[in-house]
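A note on names: the letters A, B, ... follow the listed sequences, proteins ahead of strands, and every chain is numbered from 1. Bear in mind that the values here come from a model prediction, so they are computed numbers and not experimental data.
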Amino acid sequence: GAVVSQHPSRVICKSGTSVKIECRSLDFQATTMFWYRQFPKQSLMLMATSNEGSKATYEQGVEKDKFLINHASLTLSTLTVTSAHPEDSSFYICSARGQGAQYFGPGTRLTVL
Amino acid sequence: GNSVTQMEGPVTLSEEAFLTINCTYTATGYPSLFWYVQYPGEGLQLLLKATKADDKGSNKGFEATYRKETTSFHLEKGSVQVSDSAVYFCADRDDKIIFGKGTRLHILP
């Protein structure tokens, strides 16, 4: 089946630094990619939707200047958390739509000290 | 916009018990409905789906029927196993997938 990978799986960084998370669709072309955030014991909250070659569409309440999304190709999207703070610590999950379905990555655990 | 409401957990059952996890949705159109499962330490996996009213999705002994009249998509399994312990998310999709808050399921041997 279709596979979506994320890298890194875990990252710990200091407050004020920026962190980039990669999301790749491994065996299909993803016309649309999604980024979700999951807090402990809570649901996945959609942060933004991106289509290849165009600007991402952010959900209400998500700071686009803080969470930079680049959908550079049909198999790669990146999420950069800029000037990270402890409250940005969370589990970030990407998802890729292609082949008539939507597939989820394994997630990236971000811890900001 | 769309939204999904599912029963809060945790739900604790003994092995071979009958399982129901309730889910209701609101939508302006006719969304597709999904159940996703997240096993400990793993990513989200699609468990089953239904794309139109009265469709029944099924997989691994789990079933859910798309009920338009009650706007529901309850998840059921006749006999649960310890390996079913996970978090289950109900979701609907118009142009993007919206998830419920998740229900943690513990199955005791």
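Other residues, nucleotides and ligands contribute more than 12 heavy atoms inside 6.0 Å of the CD atom of B:Q81. Crowding of B:M7 atom CE: a count of heavy atoms from other residues, nucleotides or ligands under 6.0 Å exceeding 12.
No single ILVMFWY cluster, assembled from side-chain heavy atoms under 4.5 Å apart, contains both B:V87 and B:I107. When the side chains of ILVMFWY residues are joined at heavy-atom separations under 4.5 Å, either directly or via intervening members, A:L68 and A:L110 end up in two distinct hydrophobic clusters. B:L47 and A:V3 fall into different hydrophobic clusters, where Ile, Leu, Val, Met, Phe, Trp and Tyr residues are linked whenever their side-chain heavy atoms come under 4.5 Å apart, directly or through other members. A:F91 is not connected to A:M47 by any chain of hydrophobic side-chain contacts under 4.5 Å among Ile, Leu, Val, Met, Phe, Trp and Tyr, and they are in different clusters. Hydrophobic cluster membership is shared by A:I93 and A:L46, with clusters built from Ile, Leu, Val, Met, Phe, Trp and Tyr side chains linked at under 4.5 angstrom.
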Pair B:R93-A:R97, side-chain contact (heavy atoms from CB on, under 4.5 Å): steps then yes or no: CA-CA 12 Å; B:R93 186 188 78 196; A:R97 181 185 290 170; 3.7 Å; yes
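The part of A:Q38 that comes within reach of chain B is its side chain, from C-beta onward, which places non-hydrogen atoms under 4.5 angstrom from that chain. Heavy-atom distances place no part of B:Q6 under 4.5 Å from chain A, backbone and side chain included. For A:Q60, no part lies near chain B; criterion is any non-hydrogen pair under 4.5 Å. Both the backbone and the side chain of A:L44 come within less than 4.5 Å of a heavy atom in chain B. Within the 4.5 angstrom heavy-atom criterion, no atom of B:L46 approaches chain A.
Of the inter-residue distances, the one linking A:E59 atom CD with B:I98 atom CD1 reads 6.5 Å to the nearest 0.5 angstrom.
Shortest non-hydrogen contact noted between A:Y36 and B:I97 is OH-O, 3.2 Å.
Here the rule is ring-ring contact (aromatic ring centres under 6.0 Å, His included) with A:F104, and of B:F34, B:F89, B:F99 only B:F99 fits it.
Checked against the 6.0 Å centroid threshold, A:Y103 and B:Y36 do not count as a close aromatic pair.
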